[in-house]
Amino acid sequence: MKRYNPSEIEPKWQKIWQNDGRYVADDADTDKDKFYISPMFPYPSGAGMHVGHAFEHAIVDATARFQRAHGKNVLNPMGWDAFGLPAENYAIKTGTPPQVATQQNIANFKQQLARMGSSIDWSREINTTDPEYYKWTQWIFTKLFERGLAYQKESAQWWCPVDKTVLANEQVEGGKCWRCDSVVVKKSMKQWFFKITEYADELLEGLDEIDWPEHIKTAQRNWIGKSMGATIQFDVNEHDEFITVFSTRPDTIFGATFLVLAPEHPLVDSIATKDRRDVVKDYVLAATRKSEIERMSEAKEKTGVFTGAYAHNPATGEPMEVWVADYVLWGYGTGAIMAVPAHDERDYEFATAFDLPIKSVIEKPDDNPSSNYVYSGEGILVNSGAFDGESSSDARENIVAWLEENDRGTQTTTYKMRDWLVSRQRYWGAPIPIIHCASHGAVAVPEADLPVVLPQVDDYAPKGEGGSVLADEKTWVSTTCPTCGEPALRETDTMDGYACSSWYLLRYTDPNNTEQAFSSERVNAWAPVDMYIGGDHAVAHLLYVRFWTRALNDMGLVDFKEPVSRLVYHGYVNANDGTKMSKSKGNVVDPLEIIDQGYGADALKTYLLFMGPVDDDSAWDSNGVAGVYRFLNRVWTLTQEFHNAIKLDELPTDSELRRLTHKTIKRVTLDIHRLSFNTAIAALMELTNDLYKLKTDGFSEEWRDTLKIVSQLLQPVAPHISAEMWQQLHNGDIGETDAITMLDFTQWPTWEESLIQDEEMTIIVQVNGKLRAKLRTPVATPADVILQMAREDVAVAKHLTGEIKKEIYIPGKLVNIVC
RNA sequence: GCGCGGGUGGUGGAAUUGGUAGACACGAGGGACUUAAAAUCCCUUGCCCAUUAAACGGCGUGCGAGUUCGAUUCUCGCUCCGCGCACCA
């Protein structure tokens with residue numbers, strides 16, 4: 001009897017999969033429905049794949065194989081998000097050019113993936129650092145530039161002093177750099193931006209149309225942060241100036257008792273009275289010198305100073321002190337607020353700290369249990385002149401209308417989202433395709449001159465003063481203006497790596513096109529992605545890719561607005577103790593190690609999918625791999641026993657065998673369909689356990705069908721053992737290639753509902769909702785007979801203490817007797 | 001603080017629209033096979049009570065209430081954990 005030996009069979013099938021191009025997606029095949037699936041392409045780090053990658057690929061591969069077996073034309077591509085800091089920092093340390101290290105890392109990843117037995121279409125491999133790829137990233141940049149969606153602006157931005165580059169808001173996590181965890185600072189520089197804010201509303205509305213996890217949608221909604229409200233003008237007394245504030249609660253304007261400006265607000269300087277000028281200056285200086293992180297951590301302590309200036313409330317006509325305080329942020333709204341201490345927690349805190357007037361204008365509803373002094377909810381207006389008695393929502397409209405009539409304000413919408421800062425002062429990225437000309441300003445590099453190839457340099461270390469090392473490449477930098485031909489200089493900043501990953505899903509559909517980024521025909525045929533799988537980037541990448549797609553749609557290059565129809569967001573694979581795997585703790589599990597221990601790729605993938613639901617975090621348990629290996633071994637042994645046994649024509653247990661088989665087809669099919677791999681695998685384990693009981697009666701020919709179906713059902717998660725079994729079950733009459741072609745593309749087994757039905761049913765009998773007995777009766781037993789049986793059952797009768805008040809019968813399932 | 005998830009045995013986790021709680025697996029215990037071990041196969045395994053033998057016993061899905069014949073599932077309140085955002089006006 002042949003033993004189950006993954007280290008023997010797995011390389012054999014992997015070789016065939018790799019060599020015969022069977023997983024190359026057919027662009028011309030329009031008979032089949034397409035199914036486009038992709039993982040979030042990885043950064044090819046020097047550390048190689050870890051089990052988290054393996055988990056992701058197990059999900060992708062199982063789904064791809066499942067869909068392929070359902071007759072879909074499957075596109076399952078792979079690529080490398082290869083620009084980025086680790087390779088560059090490695091270059092600074094060792095002198096190895098990032099180009100070289102990246103190639104090595106990719107080769108390593110590919111080797112690892114091959115050993116996982118993935119059904120990837122390698123003919124579409126993408127590498128963002130390949131000039132043939134970033135040529136088109138640059139081309140899209142120039143298109144965005146033409147439309148005003150890429151622009152340059154001098155402004156204060158997040159700067160990482162360690163990585164010596166600016167960062168996008170999305171790359172600052174809790175005031176720290178997402179890459180190196182150092183505290184970031186604000187620095188004023190001229191930078192390139194993508195105008196994502198122009199798409200704020202569209203990006204918000206588009207969320208309603210896509211099948212993405214709710215928490216991701218919520219994260220994006222919060223990030224975009226749309227608020228409806230009003231901008232209101234307050235005249236400053238004795239000045240020809242007014243202060244514009246933004247408020248979501250114009251209904252509380254009668255309760256606005258003072259104004260607060262952000263320290264960066266330009267009016268602070270001009271309106272401060274002589275006697276207050278020094279105090280104000282000191283405060284502003286101190287506030288702006290404080291890092292954002294300090295301002296955040298000191299959040300609870302309100303500080304501020306009076307400017308000496310007064311404004312007045314347009315609604316009440318009453319005077320209002322104008323203060324400066326750092327709890328008002330310059331970056332949001334207008335950088336100034338009307339303070340309504342009675343109905344806003346922060347304003348209340350500030351008012352009590354500095355003894356400013358508090359005036360209640362919204363009546364707290366009687367049923368509101370909050371005992372706070374501040375009531376920030378909605379209610380009925382009081383102390384609000386003509387608006388008394390109106391509800392907050394009515395008053396909001398009416399007060400804004402009144403402000404508009406009197407030129408004192410307008411309805412306004414604001415967003416928290418800022419434009420996407422894309423320039424980076426680092427080497428290892430796609431050069432921004434812009435030429436700066438003395439007479440024409442920033443000019444896009446014409447398509448014919450693309451790509452702007454990243455030059456080889458000697459020293460990769462960033463200089464730190466606002467430019468990348470490319471600035472030192474004098475011959476590269478000096479060029480001529482595409483418009484006038486005069487000497488001009490190249491832009492030396494590179495693009496954020498997120499730019500490169502914002503359109504790769506589109507490039508996969510036409511990856512070798514040298515004339516275009518992609519042909520419309522191809523991209524519209526394959527995209528949008530039917531299933532996109534990842535476990536990272538809730539906002540950044542997943543927002544950017546939506547933004548670019550919408551911009552490309554507006555350019556007429558793609559005819560869809562959302563790039564990803566369905567997003568599957570998987571959990572993390574944690575270490576045994578539930579904590580994150582990390583190099584420093586030495587608890588990182590290497591997938592190859594598991595394979596090499598003899599468990600094989602099939603057991604590894606099956607285990608990863610068996611651990612729990614795909615969207616849950618899970619804890620790695622090496623005993624679990626052993627358990628799944630044991631299961632595969634049992635399936636294997638069963639096949640061998642069948643193969644060697646003398647088959648009987650027929651067995652009395654055949655109908656039971658058929659019933660179990662069809663029941664399992666149904667369960668596995670529906671489970672994989674809803675990505676519930678863990679229960680699908682459990683169903684196959686149950687069937688296997690049942691088969692071990694049935695086999696004591698011997699094997700009939702009927703078993704061949706069952707075992708073939710088992711290998712088909714197992715194929716998505718454990719493709720190697722399935723292929724081997726499949727071939728064997730054809731008595732070796734077919735070759736390897738035919739065997740897997742059959743397995744890959746043969747129609748997925750279907751179940752017959754009639755075969756699943758048992759002749760008997762189990763009726764649960766409850767008394768007062770408590771289980772007291774189970775009845776086995778023929779399926780057709782009428783209700784009154786069942787009720788009779790239920791009442792007469794010994795275990796039930798014992799609990800029927802009083803008069804029967806009610807009897808509930810759910811046909812075929814349950815009886816509940818109430819007494 | 002706000003938003004989003006979640007709390008089920010020793011562990012990971014099952015449980016279509018409310019209808020047998022704990023599938024499947026790990027771990028643990030016992031047995032078979034073996035000179036022995038590994039591997040394999042079989043049995044037991046939520047807790048408590050009872051036990052010479054015997055379940056037709058009680059409790060049980062974070063806590064407390066509610067709706068219902070019936071709640072892990074629905075409603076309300078509380079609590080704890082995880083994640084995201086965070087002085088966003």
Side-chain angles (χ1 to χ4, degrees), chain A residues 3 173-175 213-223 225-227 229 245-249 252 260 262 295-296 298-302 325-329 331-340 343-347 349-350 369 376 414-417 538-539 571-572 576 578 607 610-613 615-628 630-631 633-634 637 670 674 676 678-686 688-689 692-693 762-774 793-799 805-808 810 813-819:
Chain A
R3 282 200 45 181
E173 295 165 352
E214 211 44 54
H215 70 279
I216 303 289
K217 290 190 186 186
T218 309
Q220 295 208 353
R221 284 191 191 104
N222 292 344
W223 187 262
K226 182 176 183 171
S227 303
V245 308
F246 172 74
S247 173
T248 54
R249 294 294 300 276
T252 63
V260 187
R295 269 167 83 165
M296 276 182 225
E298 292 167 11
K300 295 298 151 238
E301 288 291 308
K302 291 276 183 294
D326 66 2
Y327 84 93
V328 175
L329 306 177
Y332 180 75
T334 61
I337 60 153
M338 62 176 203
V340 186
H343 306 292
D344 181 283
E345 302 258 0
R346 297 150 301 178
D347 297 344
E349 246 179 78
F350 194 79
S376 54
T414 64
Y415 302 88
K416 288 185 202 166
M417 184 169 67
V539 281
Y572 280 105
N576 208 343
Y607 171 61
F610 182 61
M611 287 169 87
D615 45 2
D616 279 10
D617 288 351
S618 50
W620 178 264
D621 177 7
S622 50
N623 287 322
V625 191
V628 167
R630 211 168 292 151
F631 156 64
N633 212 342
R634 276 162 72 81
T637 304
L670 297 180
R674 60 187 175 103
S676 181
N678 55 332
T679 53
I681 293 162
L684 283 162
M685 287 174 169
E686 271 183 70
T688 306
N689 293 343
Y692 265 71
K693 292 192 180 97
T762 304
I763 303 290
I764 302 306
V765 185
Q766 297 177 333
V767 178
N768 293 330
K770 279 209 163 70
L771 171 72
R772 294 301 174 187
K774 296 177 189 181
D793 188 278
V794 198
V796 174
K798 197 178 157 190
H799 290 92
K805 297 197 185 96
K806 202 169 178 181
E807 282 175 328
I808 287 138
I810 311 290
K813 273 196 169 167
L814 160 147
V815 174
N816 190 13
I817 303 173
V818 185
C819 64

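Computed from heavy atoms alone, side chains included, the values below leave out hydrogens, waters and symmetry copies. This is a predicted model, so every value here is computed, not measured. Naming: A, B, ... by sequence-line order, numbering from 1 per chain.
Every stem involving RNA chain B, taken as at least 3 paired positions in a row under the Watson-Crick or G-U wobble test at 3.5 Å, is listed here: B:1-7 with B:79-85, B:10-12 with B:24-26, B:27-32 with B:40-45, B:46-48 with B:57-59, B:62-66 with B:74-78.
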Please list, for nucleotides 42-49 of chain B, all pairs of protein and nucleotide N/O atoms separated by less than 3.5 Å.
from	atom 1	to	atom 2	distance (Å)
B:C42	OP2	A:Arg634	NH1	3.4

Protein-nucleotides 54-58 of chain B N/O pairs closer than 3.5 Å?
from	atom 1	to	atom 2	distance (Å)
B:C56	O2'	A:Lys798	NZ	3.4
B:G57	OP1	A:Arg772	NH1	3.3
B:G58	OP2	A:Arg772	NH1	3.2

Close N/O contacts between protein and nucleotides 5-12 of chain B (under 3.5 Å):
from	atom 1	to	atom 2	distance (Å)
B:G12	O2'	A:Met611	O	2.9

Quick test: give all pairs of protein nitrogen or oxygen and nucleotides 71-75 of chain B nitrogen or oxygen below 3.5 Å, distance rounded to 0.1 Å.
none

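By the side-chain contact (heavy atoms from CB on, under 4.5 Å) test, A:Ala797 pairs with no residue at all, sequence neighbours left out. Residues passing the salt bridge (Lys or Arg N to Asp or Glu O under 4.0 Å) test with A:Arg630, sequence neighbours excluded: none. Residues satisfying the side-chain contact (heavy atoms from CB on, under 4.5 Å) criterion with A:Pro613, sequence neighbours excluded, are A:Asp615, A:Asp616, A:Asn678. When the salt bridge (Lys or Arg N to Asp or Glu O under 4.0 Å) test is applied to A:Arg674, the partners found at least two apart in sequence or on another chain are A:Asp671. Partners of A:Tyr415 under the ring-ring contact (aromatic ring centres under 6.0 Å, His included) rule, at least two apart in sequence or in another chain, do not exist in this structure. For A:Lys693, there are no salt bridge (Lys or Arg N to Asp or Glu O under 4.0 Å) partners, not counting sequence neighbours.
The side-chain hydrogen bond (donor to acceptor under 3.5 Å, both in side chains) pairs that include a residue from residues 764-773 of chain A are A:Arg772-A:His799, where partners are two or more places apart or lie in different chains.
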